[in-house]
Engineer: 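Input: one structure, supplied below.
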Amino acid sequence: MYEDSWYSLVPDHIQKKTTPTSQPSSHRRRDSLLQQANGSKQSGDSEPLERLLEEPETSIGPPEPSLIPRAKSYSDFYHVVRAQLSKDAAKKKRRRTKAKGLDALMITDPEDNLPPPKFSPSRPTDAELVDASQQEYMLYRDQLQMTERHLDRLVADANGALDLLTSLADDFRAVEAQTSSFQAQCDHLLSEERRLQKLADEVGTDLHYYAYLDGVTRRLNAPGASRLVNHENFGEILTNLDACIEFMVKHPDYRDAESYLARYQSLLTKALHLLEVGFSGHLEQTTSEISKQIIGTQSEAARHALAYGRSEQTLLEADGLIANVQRVIRTCYDQFGHPIPGEHFNTYSNTAVNLFSTYSDMRDRSLRPITQHDLEAFRKEAKGANTESACRNFIKQCYERSFNEAGLFSRVFSIEPQFNPDSQSAYAALKGQQKALVNTANLTPIATTLQPILQTTDLQTICNLLGWVTNEYLLLEYDEEETQYSIHCHDLTARLLTEHLWPFADGSFEAEVTKSLSKAPIPPESLKVLPVTNNMASSNAYPIVKRALELLALYDQAMPKERSQKSSPVVFRIVTETISALQRAEARLKTNKAANPDPDPDLFMIKNLLIVKNGLMSLEIGDVRAQPATMQYFGQIWDTLSPQNWMGLFRGILGGTLSLGLWSSMSNTGAAAANGKVSGNRAQAQADQDANEKLDELLRQSIYAFTQRWGTLINGARSGKRGPQPAAATEKELDNKLSVAFGGQPEVIAKLKEAIYINAQAQKEVKAERGSR
């Protein structure tokens, strides 16, 4: 059925052996072996047919030995078995695929042509079949046996390693037991070494405080030792000397500690003296140069630039010297000049005081041409008509110079001295340097310059100046921003007023009180009670009372409210001298023994005492500068004077159960009734200490005397004892007196008339009680 050329290929296939080509792993149909090349002659390299029919030999022997990785667990062994099973299944699949291909080609299986196998008669066929069917499982058995042997070997090795480790542990414990005592000895030696090392360090450190003496002594006693103060290492010398002194003080039982302490203190004093000499020389050099330049110019701007701009530049050129000076100052003072207690405070503070003194002397000498020129200009201006303006300009000029001096001082000494009453503070040290130049602590030049000029002026000018200084510098507006200059001026003003101007003003007021109140004459026309003019309650007052109100108004204008209240000695003096003057006038009026004298001494006292009382109450609320049109505080005054029950009080006084002294003590009426004499003495002692209480005492006595006399007159007129004069005429006369004294003040008139009628009624009741007895 095929051509002859196709059959000729079979013998060639048997004789030749070619290398098989690799089969693809994918399952695709093979190319037909019956297909011939198109018109080509078959060559000898064609694959023989018998080669295609060959099956790969199935090896039934044991697998090749290979090194299997150590199984860590059963799961690893399970993966090995699965892999082998998959491999065997793939082989069976390939055999089935090849058999199906041969069937498709309808080629006779080569095994069909093979002769039947001949079995050995010595072995049964069933046994061979069993072996053939169990061949695959036997392979697995061999692998499992090999794995078991491998695991047994691993277990044996692990047991051997454990035995070896146990032996080593026993050996280590034995060695540890043998070396414990040796380790304890080593630890002891190490601790002893550390102790000796620490002791050696301490000895070396302590020895340093002794060894430092020779070196620093040579440095401070060398010929060029004065140049040390210009370098920064001079501060290290001071630090080391301080440390050595502190060490010797803390260890007085050390060998030669007292001797070394004295020598170190001497060296510290010498070092500080070298600093003083160096600073003084530097100031002398700069001051002489600046002074010559200031004298040689007449321009105010040029003088100011030389006094502060150029001076600051030349002073701070020696930066090493200035740094050492600042270090000494900051050792004993903080930034604001407060003292810093310490072992060496006295030594350093003495040096600081000397440095301050040297600096103040040099600055005063350097700026003397400027200060002399300003004083001459002020005195010339003060001789003119406007003394107050000249004083204001002088104070402004001094404040500006003080601010500039404070800035230069802080840059040189690195502190800003603030007011401090402590005698060891930097402020106290500067205050002791009284020079002609104004600075933060030296305000005496301002006071000594102003006071001679103000003594020749009137009291109004002094009060105006004090009021301007207080409002301009001491009291800041709520919307005014605080600056360094305003804060500086505030501090200067507070000290200038407290230490100089307020005491000066108090003395001026004392002199005016003596002149206007204490030694004032009493002309007869001044004792008359004239009608009120312009509805002014004080228009018909006693002239001394008017002057007292003017002095109170001036004092309130010049002083803050805290000084102008009743605790002020000046206000107390004004009130007491006014009361004394009124008592002298009352005594003059009482020489008239008439039943109804004119002028009435009691009405005179009531009128003037009420005016003084009203003025004091106005002063306490700060409204005394504008004269009150009416006695607006009379209601409050009357409530203070009036007892809770006028009728009961008058009846007690008239009946003799109460003393007149109790009229001055309204708060303790019941207690005073039990012991009138003791309470009267106590009230009198209190009145001597408090001018307001004394004023109230006299006012009560005058009101009682006035109401008692007029109550008697009214009762007499009503009973006909005054003759033909009817009661209406008496009441009209009373209204005329009260209208003249208190014109335009109906409240005062009504209260006094009410008191008179109450007194008259009390007299009637007392008289009726006596008649019934």
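Atom set for the values below is all heavy atoms of this structure, side chains included, hydrogens, waters and symmetry mates excluded. Every value quoted in this text rests on a predicted model; they were computed, and no experiment measured them.
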Engineer: Return the minimal non-hydrogen interatomic distance between Pro521 and Pro523, and the atom names on each side.
Structural biologist: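 In this case the closest contact between Pro521 and Pro523 is O-CD, 3.3 Å.
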
Engineer: What are the two closest non-hydrogen atoms of Leu474 and His490, and how far apart are they?
Structural biologist: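 The pair with the smallest heavy-atom distance is O-CD2, 3.2 Å.
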
Engineer: Could you give the distance from CG (Asp696) to CD (Glu693), rounded to the nearest 0.5 Å?
Structural biologist: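 With rounding to 0.5 Å, CG (Asp696) is 5.5 Å from CD (Glu693).
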
Engineer: Report the residues that fulfil ring pair (Phe, Tyr, Trp, His ring centres under 6.0 Å) with Tyr473, sequence neighbours left out, ordered by chain and then residue number.
Structural biologist: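 By the ring pair (Phe, Tyr, Trp, His ring centres under 6.0 Å) rule, Tyr473 matches Tyr399, Trp468.
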
Engineer: Looking only at non-hydrogen atoms, find the nearest pair between Ala406 and His488 and report the distance.
Structural biologist: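 Taking Ala406 first and His488 second, the nearest heavy atoms are CB-CE1, 3.9 Å.
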
Engineer: State, with a plain yes or no, whether a side-chain heavy atom of Ile756 is found less than 4.5 Å away from one of Phe706.
Structural biologist: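 Yes, close enough: below the 4.5 Å cut-off.
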
Engineer: Verify side-chain contact (heavy atoms from CB on, under 4.5 Å) between Val571 and Leu616, making sure each step is shown before the conclusion.
Structural biologist: CA-CA 9 Å; Val571 175; Leu616 286 176; 4.2 Å; yes

Engineer: Check whether any side-chain heavy atom of Lys546 sits under 4.5 Å from a side-chain heavy atom of Tyr542, and report yes or no.
Structural biologist: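 They are not in side-chain contact.
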
Engineer: Is it true that Glu388 and Arg392 make a salt bridge, defined as a side-chain N closer than 4.0 Å to a carboxylate O?
Structural biologist: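 Here Glu388 pairs with Arg392 in a salt bridge, since their nearest N and O are under 4.0 Å apart.
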
Engineer: So which of Gln434, Lys435, Glu499 actually passes side-chain hydrogen bond (donor to acceptor under 3.5 Å, both in side chains) with Thr444?
Structural biologist: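 For Thr444, the side-chain hydrogen bond (donor to acceptor under 3.5 Å, both in side chains) test succeeds with only one of Gln434, Lys435, Glu499, which is Gln434.
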
Engineer: I'd like to know if the side chain of Asn471 reaches the main chain of Gly467, judged simply by a donor and an acceptor atom lying under 3.5 Å from each other, with no hydrogens or angles considered.
Structural biologist: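 Side chain of Asn471 to backbone of Gly467: a pair is present.
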
Engineer: I'd like to check the ring pair (Phe, Tyr, Trp, His ring centres under 6.0 Å) partners of His500; sequence neighbours left out, ordered by chain and number.
Structural biologist: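 Per chain and number, His500 pairs via ring pair (Phe, Tyr, Trp, His ring centres under 6.0 Å) with no residue.
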
Engineer: So, using side-chain hydrogen bond (donor to acceptor under 3.5 Å, both in side chains) as the criterion, who are the partners of Asp491 when residues are at least two apart?
Structural biologist: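 Partners of Asp491 under the side-chain hydrogen bond (donor to acceptor under 3.5 Å, both in side chains) test: none.
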
Engineer: List for me each residue that meets side chain to side chain contact (heavy atoms under 4.5 Å, CB included) alongside Leu375, sequence neighbours excluded, and say none if there are none.
Structural biologist: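 Listed in chain order: Arg379, Phe394, Thr449.
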
Engineer: Is there a donor-acceptor pair under 3.5 Å between the side chain of Asn736 and the backbone N or O of Lys732?
Structural biologist: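 Present.
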
Engineer: Can you tell if the side chain of Leu738 reaches within under 4.5 Å of the side chain of Leu603, non-hydrogen atoms only?
Structural biologist: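 Result yes, sub-4.5 Å side-chain heavy-atom pair found.
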
Engineer: State, to 0.1 Å, how close Ala705 and Asp602 come at their nearest heavy-atom pair, and which atoms those are.
Structural biologist: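 Scanning both residues completely, I find the closest heavy atoms to be CB-OD2, 3.5 Å.
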
Engineer: Using atom types as modelled and distance alone, determine if a side-chain donor or acceptor of Asn759 lies under 3.5 Å from a backbone N or O of Ala755.
Structural biologist: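 Here the side-chain-to-backbone pair does not exist.
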
Engineer: Thinking salt bridges, do Lys737 and Asp600 make one under a 4.0 Å N-O criterion?
Structural biologist: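 Not counted as a salt bridge, because no side-chain N and carboxylate O are separated by less than 4.0 Å.
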
Engineer: With sequence neighbours left out, what residues match Ile453 under side chain to side chain contact (heavy atoms under 4.5 Å, CB included)?
Structural biologist: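 Checked Ile453 against side chain to side chain contact (heavy atoms under 4.5 Å, CB included); matches are Phe378, Ala382, Thr387.
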
Engineer: Should the pair Glu512-Lys515 be classified as a salt bridge under the 4.0 Å nitrogen-to-oxygen rule?
Structural biologist: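 Looking at Glu512 and Lys515, the cut-off is not met.
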
Engineer: Please name the pair of heavy atoms, one in Ile611 and one in Val545, separated by the smallest distance, quoted to 0.1 Å.
Structural biologist: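 For Ile611 and Val545, the tightest heavy-atom pair comes out as CG2-CG1, 3.9 Å.
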
Engineer: Would you say Tyr427 and Arg495 are linked by a side-chain donor-acceptor pair, where the criterion is simply a distance under 3.5 Å?
Structural biologist: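 There is such a pair (donor and acceptor under 3.5 Å, judged by atom type) between the side chains of Arg495 and Tyr427.
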
Engineer: Can you tell me how far apart CG (Leu517) and OG1 (Thr578) are? Round to the nearest 0.5 Å.
Structural biologist: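 It is 5.0 Å, given to the nearest 0.5 Å.
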
Engineer: Is there a donor in the side chain of Asn393 and an acceptor in the side chain of Gln397, or the other way round, less than 3.5 Å apart?
Structural biologist: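 Gln397 and Asn393 do not have a side-chain donor-acceptor pair below 3.5 Å.
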
Engineer: Which residues pass the salt bridge (charged side-chain N to carboxylate O under 4.0 Å, His left out) test with Glu472, sequence neighbours left out?
Structural biologist: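 If we apply the salt bridge (charged side-chain N to carboxylate O under 4.0 Å, His left out) test to Glu472, skipping adjacent residues, there are no hits.
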
Engineer: Using the test salt bridge (charged side-chain N to carboxylate O under 4.0 Å, His left out), find all partners of Asp506 that sit at least two apart in sequence or belong to another chain.
Structural biologist: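 Once residues adjacent in sequence are excluded, the partners of Asp506 under the salt bridge (charged side-chain N to carboxylate O under 4.0 Å, His left out) criterion are Arg563.
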
Engineer: Can any side-chain N or O of Ser402 pair as donor or acceptor with the backbone N or O of Cys398 at less than 3.5 Å?
Structural biologist: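 No; judged by distance alone, with no hydrogens or angles, the pair does not exist.
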
Engineer: For Glu405 and Thr440, test the side chains for any donor-to-acceptor distance below 3.5 angstrom and give the result as yes or no.
Structural biologist: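 On atom types as modelled, these side chains do not qualify, holding no pair under 3.5 Å.
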
Engineer: How long is the straight-line distance from CG of Leu430 back to CG of Asn439, given to the nearest 0.5 Å?
Structural biologist: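 One gets 6.5 Å once the value is rounded to the nearest 0.5 Å.
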
Engineer: Give a yes-or-no answer on whether the side chains of His338 and Asp422 include a donor-acceptor pair shorter than 3.5 Å.
Structural biologist: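 His338 vs Asp422: no donor-acceptor pair found between side chains.
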
Engineer: State which residues pass ring pair (Phe, Tyr, Trp, His ring centres under 6.0 Å) with Phe504; sequence neighbours excluded, sorted by chain then number.
Structural biologist: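 For Phe504 there are no ring pair (Phe, Tyr, Trp, His ring centres under 6.0 Å) partners, ignoring immediate neighbours.
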
Engineer: Can you list everything that forms a salt bridge (charged side-chain N to carboxylate O under 4.0 Å, His left out) with Glu586? Sequence neighbours excluded, please.
Structural biologist: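 Salt bridge (charged side-chain N to carboxylate O under 4.0 Å, His left out) check on Glu586 returns Lys590.
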
Engineer: Could you walk me through whether Arg709 and Tyr704 pass the side-chain contact (heavy atoms from CB on, under 4.5 Å) check?
Structural biologist: CA-CA 8 Å; Arg709 186 173 70 254; Tyr704 170 71; over 6 Å; no

Engineer: So, using salt bridge (charged side-chain N to carboxylate O under 4.0 Å, His left out) as the criterion, who are the partners of Arg573 when residues are at least two apart?
Structural biologist: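 Testing Arg573 for salt bridge (charged side-chain N to carboxylate O under 4.0 Å, His left out), a comparison that skips the adjacent residues, returns Glu510, Glu577.
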
Engineer: Other residues, nucleotides and ligands only: do more than 12 of their heavy atoms fall within 6.0 Å of CZ on Arg588?
Structural biologist: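 No - once you tally the heavy atoms of other residues, nucleotides and ligands closer than 6.0 Å, there are 12 at most.
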
Engineer: Where do Ala585 and Leu527 come nearest, in terms of heavy atoms and distance?
Structural biologist: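 Of all heavy-atom pairs spanning Ala585 and Leu527, the closest is CB-CD2, 3.6 Å.
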
Engineer: If we ignore angles and hydrogens, is there a donor and acceptor under 3.5 Å between the side chains of Glu400 and Asn404?
Structural biologist: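 Asn404 and Glu400 do not have a side-chain donor-acceptor pair below 3.5 Å.
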
Engineer: Applying side chain to side chain contact (heavy atoms under 4.5 Å, CB included), can you list everything that pairs with Ala760, at least two apart in sequence or on another chain?
Structural biologist: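 With sequence neighbours excluded, Ala760 shows a side chain to side chain contact (heavy atoms under 4.5 Å, CB included) to Asn715, given in chain and number order.
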
Engineer: Find the distance between CG (Leu501) and CG (Leu465) and round it off to the nearest 0.5 Å.
Structural biologist: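 Nearest 0.5 Å value for the CG-CG distance: 7.0 Å.
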
Engineer: Under the 3.5 angstrom rule, does the side chain of Thr470 hit a backbone N or O of Leu466 as a donor-acceptor pair?
Structural biologist: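 It does hold such a pair.
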
Engineer: Taking the side chain as every heavy atom from C-beta outward, state whether Leu582 and Ile544 have any pair of such atoms under 4.5 Å apart.
Structural biologist: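 No; the side chains remain at least 4.5 Å from each other.
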
Engineer: Quick one, Tyr555 and Glu550 - any side-chain contact, counting heavy atoms below 4.5 Å?
Structural biologist: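 Sidechains of Glu550 and Tyr555: no contact.
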
Engineer: Can you tell me how far SG of Cys489 sits from CD of Gln484, rounded to the nearest 0.5 angstrom?
Structural biologist: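 It comes to 11.5 Å.
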
Engineer: Would you say the side-chain atoms of Asn442 pair up with the backbone N or O of Lys431, donor to acceptor, closer than 3.5 Å?
Structural biologist: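 No, the answer is negative, given that no donor and acceptor are paired below the 3.5 Å cut-off.
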
Engineer: Do Leu497 and Pro560 have side chains that get closer than 4.5 Å, going by heavy atoms?
Structural biologist: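 Leu497 vs Pro560: side chains apart.
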
Engineer: Between CG of Leu699 and NZ of Lys694, what distance do you get to the nearest 0.5 Å?
Structural biologist: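 Rounded to the nearest 0.5 Å, the CG-NZ separation comes out at 14.5 Å.
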
Engineer: Can any side-chain N or O of Thr707 pair as donor or acceptor with the backbone N or O of Ile703 at less than 3.5 Å?
Structural biologist: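 Side chain of Thr707 to backbone of Ile703, a donor-acceptor pair under 3.5 Å: yes, one is there.
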
Engineer: Is any side-chain heavy atom of Asn464 closer than 4.5 Å to a side-chain heavy atom of Gln557?
Structural biologist: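 Side chain of Asn464 against side chain of Gln557, heavy atoms only: contact under 4.5 Å found.
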
Engineer: Would you please name every residue forming a ring pair (Phe, Tyr, Trp, His ring centres under 6.0 Å) with Phe336, sequence neighbours left out?
Structural biologist: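 Per chain and number, Phe336 pairs via ring pair (Phe, Tyr, Trp, His ring centres under 6.0 Å) with no residue.
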
Engineer: Please evaluate residues Asn386 and Glu381 with respect to the criterion side-chain contact (heavy atoms from CB on, under 4.5 Å), reporting the C-alpha separation (whole Å), side-chain torsions for both, the decisive distance (0.1 Å), and the verdict.
Structural biologist: CA-CA 8 Å; Asn386 198 348; Glu381 184 180 0; over 6 Å; no

Engineer: So do the side chains of Phe509 and Cys463 get within less than 4.5 Å of each other, counting heavy atoms only?
Structural biologist: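 Sidechains of Cys463 and Phe509: in contact.
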
Engineer: Checking the side chain of Thr448 only, and the main-chain atoms of Pro445 only, is there a donor and an acceptor separated by less than 3.5 Å?
Structural biologist: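 Checking the backbone N and O of Pro445 against the side chain of Thr448, a donor-acceptor pair under 3.5 Å is found.
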
